2 protein chains.
Amino acid sequence: MAKTRWLSDAQQQAWRRFAAVSMLLPAALESQLQRDADLTHFGYWVMAMLSETQDRAIRMSELAALSNGSQSRLSHLIARLEERGWVRRERADEDGRGYLAVLTDAGYDKVVETAPGHVEEVQSLVFDALTVQQVGELDEICAAILPRLTPGC
Amino acid sequence: MAKTRWLSDAQQQAWRRFAAVSMLLPAALESQLQRDADLTHFGYWVMAMLSETQDRAIRMSELAALSNGSQSRLSHLIARLEERGWVRRERADEDGRGYLAVLTDAGYDKVVETAPGHVEEVQSLVFDALTVQQVGELDEICAAILPRLTPGC
DNA sequence: GCAGGATGCTTGAAGTGTCAAGCACCCTGA
DNA sequence: TCAGGGTGCTTGACACTTCAAGCATCCTGC
């Protein structure tokens with residue numbers, strides 16, 4: 001067992017703050033969406049992705065990868081969204097095992113109605129606090145970290 | 001209703017990456033701690049905080065604030081940790097309503113045993129990807145965002 | 001053409017978080 | 001001193017995520 005590489009003081013401070021943000025920010029977004037749209041952040045995120053694609057339809061597995069969720073998580077979510085009439089499932093033509101998640105018109109309307117309030121929340125919680133330069137730095141930092149988090153690529 | 005302040009292209013890109021990191025990083029840490037120590041990230045975080053305090057004891061409400069969790073969440077967590085023998089509760093002397101969460105010796109050992117693997121994971125997922133300068137930038141970015149996330153102060 | 005294994009997705013159960021309600025104790029003013 | 005309201009924490013019910021198991025379909029080699 002190699003010697004532990006403990007965090008330096010600067011790293012420790014950054015880590016505490018970063019960890020706090022990654023705990024509080026999701027909670028804040030969750031709370032806004034729950035309050036204003038009776039929606040989960042993940043649920044909104046998935047519907048928003050669907051709304052931006054051609055035909056408003058994607059394969060389940062592809063959608064799971066895009067939204068950074070497990071297949072099981074997505075499957076449960078889509079089942080709930082389906083009950084509410086915002087999404088429906090269709091068999092994939094090319095592969096009888098696969099399913100397409102399709103955003104319904106009601107689902108599209110829901111996204112359109114929810115987006116402004118959510119975007120405003122993101123602006124006021126995150127970007128209003130940052131300079132243009134910091135936005136770029138954040139982007140680069142996340143781009144550096146991201147590959148280490150996705151086992152696939 | 002004011003006009004929606006949509007995200008600029010740069011903001012949108014940063015947001016997508018940042019959102020992805022805030023989804024994947026917690027999941028990765030969760031997974032490592034679950035696998036290696038049968039512990040939640042929040043559970044580890046709370047025990048680690050307790051281990052660093054004088055007397056290894058803090059008031060529940062204070063611990064909830066420090067760990068960025070709700071009182072209810074902390075209460076449930078401490079109940080589970082208590083069952084496993086890592087924490088116990090004591091009535092607060094000064095205020096009969098309050099409780100102290102106290103880390104037991106077994107709990108302290110658990111933290112000591114778990115810390116190296118967890119720190120190594122943080123190093124390899126986050127800090128190994130960043131330059132010294134980026135660590136500073138990340139710290140400042142989080143410091144700028146943080147006040148907007150804590151309603152209290 | 002078909003057995004055996006891989007793939008895409010679903011399902012059920014167990015664990016954890018949130019919300020609202022509740023209990024016990026503290027403090028203030030009359 | 002004691003009624004009324006505030007505070008600290010817990011509790012129970014419900015929602016969501018995960019994990020492992022399961023089902024249906026596809027593909028490969030023989």
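First the proteins, then the strands, lettered A, B, ... as listed; each starts at 1. Quick caveat: nothing in here was measured; it's all calculated off a predicted structure.
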Sequence neighbours excluded, which residues qualify as side chain to side chain donor-acceptor pair (under 3.5 Å) partners of A:R80?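 Testing A:R80 for side chain to side chain donor-acceptor pair (under 3.5 Å), a comparison that skips the adjacent residues, returns none.
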By side chain to side chain donor-acceptor pair (under 3.5 Å) - contacts of A:E137 (at least two apart):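 Listed in chain order: A:Q133.
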Using a heavy-atom cut-off of under 4.0 Å over every strand shown, decide if B:R89 touches base, sugar-phosphate, or nothing.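 It contacts sugar-phosphate atoms only.
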At 4.0 Å (heavy atoms only), tell me whether B:S72 reaches a base, stays on the sugar-phosphate, or touches nothing.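 The answer is base, as B:S72 lies within the cut-off (heavy atoms under 4.0 Å) of a base atom.
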It should be established whether [X] places a side-chain nitrogen or oxygen under 4.0 Å from OP1 or OP2 of nucleotide [N].
| X | N | answer |
| --- | --- | --- |
| B:R73 | C:dG17 | yes |
| A:S61 | C:dC9 | yes |
| A:R80 | D:dT17 | yes |
| B:S75 | D:dC9 | no |
| B:R97 | D:dT10 | no |
| B:Q71 | D:dG8 | no |
| B:R59 | D:dC9 | yes |

Go through the N and O atoms of the side chain of B:H76 and the base of D:dG12, and report whether any donor-acceptor pair is under 3.5 Å.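 In this structure, the two groups form a donor-acceptor pair.
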Donor + acceptor pair across side chains of B:R59, B:Y99 (<3.5 Å):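 The criterion, which ignores hydrogens and geometry beyond distance, is not satisfied for B:Y99 and B:R59.
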Can you work out whether A:T40 or B:D95 has the more 5'-proximal nearest nucleotide on DNA chain D?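 On the 5' side of the pair lies B:D95.
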Report the relative orientation of the aromatic rings in B:W15 and A:F127; use parallel for angles under 30°, tilted for 30 to 60°, perpendicular for over 60°.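 If you compare the ring of B:W15 with that of A:F127, the planes turn out perpendicular.
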